[in-house]
Amino acid sequence: MLDFLGTLERTHTCGELRAQDAGKSVVLLGWVNRRRDHGNLIFLDLRDRYGITQVVLDKELSLAAHAKAEQARPEYVVAAIGKVRLRGKDVVNPKMETGEIEVVASEIRILNDAKVPPFSPAEEAISNEEVRLKYRYLDLRRAEMQHNFEVRHKVTMAVREYLSQQNFLEIETPFMTRSTPEGARDYLVPSRVHAGTFYALPQSPQLFKQILMISGFDRYFQVARCFRDEDLRADRQPEFTQIDLEMTFPQQETIFRMVEGFMKAAFAAVGIALPTPFPQITYDEAMRQFGIDKPDLRLPGLTDVKEIFSASDLATLAIDPALPVVALRIPKVGELSRKERDDNRPLFDTRKGAKYIDDLKRLEKSFPNAVVKLRELTKAEEGDLLIIVAGDAATHIQASDTKSEGRLSEREIAVYSAAGNFRVELAKKYADRHGAFAVTEQVVASPDRRTGTVDGSAAFRPIWVTDFPMFEHDPETGKWMPAHHPFTSPHEEDMDRLTSDPASVRARYYDLAMNGLELGSGSIRIHRQDVQQQIFTALGMSEQEAKERFGFFLEALQYGTPPHGGIALGLDRLVMILAGASSLREVIAFPKTAKAIDLMVDAPTPVSEQQLRELHIRPVLKD
RNA sequence: GGGGACGUAGUUCAGUUGGUUAGAAUGCUGCCCUGUCACGGCAGAGGUCGCGGGUUCGAGCCCCGUCGUCCCCGCCA
């Protein structure tokens, strides 16, 4: 039989009571975490968001309460009414925050029972994700998940607080908006009122926030939900949250200072000191030094080692002399066996004409001096893994390769990114050996974060990546495509090369990366209609076409648009880093599977004929 | 769209070269137990080996297909 709550009110949470509360009469309400039944003596561990407190039932002291506790099972919801008692010296539990006390119950009320759960929220060991997602409410009861969402809340609050202090206004923008054929696939919402037309869920509030600048709001931000109908990854969900902001009259540095400010505040909110300002690197430098546009600074970058080989050496090794020769170094990995090296082969991308040398012993036999110089240049220490990456001479530079004064060509990028991706893969694989990632885990797990502030300078390595190329070359169509959305402003001094040498044009576009993860990106926008038109022209988009796609926006641009710019940061990814999680699903309350299914509510589902008819939709199903 | 890993008790997993009655731990149920805290002891229940087809005297194991979960490429900022 279940009991009524009656007028009972909670006096303390289950994580609150300490030695100095001994003697107090208390009412605890919570879930049965565990029950230890010793016959005439029963221990109930009562759990809520705040912690766990041991409740004792002594048959001799209270027969009725003891009898109730006998019926209690894991995840029952229970009220314990009684007195706080200091535990005897030999039964103090130092592993529990409330371990110095216990509550001697005079009355137990079972407020609700529970089916036997498919897995226990009391266990730390995690069940398989399919089960976790189906029974998400049980999964979310686990201490780890409760902690993740506390982190998420604190980070969000700190960001809101900081931006609000800096005069930013939080303004909401529509979920039901207009489909724009740029970027990702849209999620569509059919209109009932207008047959055959659709709203789209926003991939980001991009155009709205720019229009808010035109509207004179000066500083806008939003904790904004975004929707993209693309295939998922561990760090990609179909709906995700961005800290989206935009401001008028900014220099790039103005935006950096804002973001650094709220990042520092967000980290401080969870007890981590993050030094500012963040370092900066240009896109080209990032590619040269890390082979990737989201460098992980916790490990050494690439080293240019072309000089260690003579021209004839390069020829002997079948290395293309026109392309970069770089070394990657992973500390403390030790010498790899033949088998280990074989196993690593699939991690290297040879598709775009890059190759690598990982057998230094063999190299040393023919080129002893080169290896000596290699060790010098890379500052390698004993036991560091060194691998040389270069262009394969057998793959000839194709006519489509993009050569432009001062910029990296496609094939150069191919070599750098093959090296950069290999570096990342090997770093993941040998994480136990180099220990650079463990530093982050230690800070995340540090208990000192609750009481004070932990130094996060080695564990969290943010970096601004600036001056991305304005255009990307599409080898299939031979056309120049916008590397970002087409409202990104080019550098003013590169404007005259828009059509003559598009590859050389730098965008006023920047990314914030941290620990090898892209946290966010933004840009200084185009505020002049004539410049916008030039960009469309450079992209081969006719005036007519531009009007059809973005007419409303081009119209707005003509009514006194101030210079403006902004950024959007992935809140989920930020929280993921701070929670030490390896998937976004750990920091999103109700996430979707890799096939974009919600296993708990079972969505998506078919809908009734009637609903479809009202929406003027007829499904076309493949057999 | 493509590649890979996995799918056996509620859960986590083992299951030999294809062989007779599919195991362990944990959870669950019952009984016992006054200082446990992952309590302990005894007894017990619990299986469509994801699903469908095939090979075979015989399939959890081999083959084909299919579904689901995860990771990656493509895609996506």
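Chain A is the first sequence line, chain B the second, and so forth, proteins listed ahead of strands; every chain is numbered from 1. Everything quoted here is computed from the prediction, not taken from an experiment.
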Taking A:Glu230 first and then A:Arg236, would you say they form a salt bridge - that is, a charged N and a carboxylate O separated by under 4.0 Å?
no
Quick one: the side chain of A:Asp231 and the base of B:G74, do they pair up donor-acceptor inside 3.5 Å?
yes
Would you say A:Arg36 places a side-chain N or O within less than 4.0 Å of OP1 or OP2 belonging to B:C39?
yes
Of the listed nucleotides (B:C71, B:G10, B:A77), which one gets closest to any side-chain atom of A:Ala234?
B:C71
When both hydrogen-bonding distances must be under 3.5 Å and the geometry is Watson-Crick or G-U wobble, what is B:G40 paired with, if anything?
B:C32
Drop me the distance from A:Lys428's NZ to A:Ile330's CD1, to the nearest 0.5 angstrom.
11.5 Å
Looking only at side-chain atoms of A:Ala184, point me to the closest of B:A77, B:C37, B:U69.
B:A77
Taking a pair to mean Watson-Crick or G-U wobble geometry with both distances below 3.5 Å, B:G7 pairs with B:C67
Determine, stepwise, if the pair A:Asp602 / A:Lys134 fulfils salt bridge (charged side-chain N to carboxylate O under 4.0 Å, His left out).
CA-CA 9 Å; A:Asp602 186 25; A:Lys134 182 168 182 199; over 6 Å; no
OP1 or OP2 of B:C39 versus the side-chain N and O atoms of A:Arg34: is any pair under 4.0 Å?
yes
Does a salt bridge link A:Arg18 with A:Asp21, judged by any charged N lying under 4.0 Å from a carboxylate O?
no
Closest to side chain of A:Val91, choosing from B:G27, B:A77, B:G35:
B:G35
For A:Glu586 and B:C71, what is the distance between atoms CD and P respectively, to the nearest whole Å?
10 Å
Out of B:U69, B:G74, B:U36, whichever nucleotide has its closest atom nearest the side chain of A:Arg87:
B:U36
Would the base of B:G35 count as contacting A:Glu102 through its side chain, where contact means a donor and an acceptor less than 3.5 Å apart?
yes
Taking only side-chain nitrogens and oxygens of A:Gln203, does any of them come within less than 4.0 Å of OP1 or OP2 of B:C76?
no
Determine the interatomic distance between C1' on B:C73 and the same-named atom on B:G15; round to the nearest Å.
34 Å
Sorted by number, residues from residues 281-290 of chain A placing a heavy atom under 4.0 Å from RNA chain B are none
Per nearest nucleotide of RNA chain B, the residue lying toward the 5' end, A:Pro74 or A:Asp45, is A:Pro74
Please name the nucleotide paired to B:G74 by Watson-Crick or G-U wobble geometry with both distances under 3.5 Å, or report none.
none
Between B:C70, B:C75, B:A77, which nucleotide has the shortest distance from any of its atoms to the side chain of A:Arg236?
B:C75
If B:U16 has a Watson-Crick or G-U wobble mate with both distances under 3.5 Å, name it; if not, just say none.
none
Could you work out the separation of B:U21 and B:C49 based on their P atoms and round it to a whole Å?
14 Å
Does the pair A:Asp45/A:Arg36 count as a salt bridge with the N-to-O cut at 4.0 Å?
yes
Distance check: side-chain N/O of A:Ser120 vs OP1/OP2 of B:G27, anything under 4.0 Å?
no
Of the candidates B:C75, B:A38, B:U69, the side chain of A:Leu599 sits closest to B:U69
Choosing from B:C33, B:U69, B:G35, which nucleotide comes nearest the side chain of A:Gln54?
B:G35
Spacing of the P atoms in B:A14 and B:C32 (rounded, Å)
38 Å
B:A59 and B:G50: how far apart are their P atoms, nearest whole angstrom?
15 Å
If stacking means aromatic ring centre less than 5.5 angstrom from the base's six-membered ring centre, planes under 30°, is A:His38 stacked on B:U36?
no
Taking B:C39, B:G35, B:C70 as options, the one with an atom nearest any side-chain atom of A:Arg585 is B:C70
Any side-chain N or O of A:Lys95 under 4.0 Å from OP1/OP2 of B:A38?
yes
Is A:Phe119 stacked on the base of B:U11, meaning ring centres closer than 5.5 Å and planes within 30 degrees of each other?
no
Does one side chain, of A:Ser204 or A:Gln242, offer a donor that lies under 3.5 Å from an acceptor on the other?
no
Looking at A:Asn128, does any N or O in its side chain come under 4.0 Å of the phosphate oxygens OP1/OP2 on B:U12?
yes
With a 6.0 Å cut-off on the ring centroids, do A:Tyr509 and A:Tyr283 count as close?
no
With nearest nucleotide decided by heavy atoms, which residue, A:Gly88 or A:Pro118, maps closer to the 5′ end of RNA chain B?
A:Pro118
Look at A:Lys429 together with A:Glu340 and state whether they make a salt bridge at an N to O cut-off of under 4.0 Å.
no
To the nearest 0.5 Å, what is the distance between CD1 on A:Ile463 and CD on A:Gln280?
9.0 Å
If you only use heavy atoms from C-beta on, which nucleotide in B:A77, B:C72, B:C28 is closest to the side chain of A:Arg233?
B:C72
Using a heavy-atom cut-off of under 4.0 Å over every strand shown, decide if A:Arg85 touches base, sugar-phosphate, or nothing.
base
Using whole Å, report how far CD1 of A:Ile101 lies from C1' of B:G35.
15 Å
Within the pair A:Asn40 and B:U34, is there a side-chain N or O less than 4.0 Å away from OP1 or OP2?
yes
When rounded to whole Å, the CG to P distance for the pair A:Asp244 and B:A77 reads 14 Å
Please state how far atom CG in A:Asp229 lies from atom C1' in B:C75, giving the value in whole angstrom units.
11 Å
Is any side-chain N of the basic residue among A:Lys592 and A:Glu239 closer than 4.0 Å to the acidic one's carboxylate O?
yes
Taking the side chain of A:Arg228 as heavy atoms from C-beta outward, which of B:C76, B:C37, B:U69 is closest to it?
B:C76
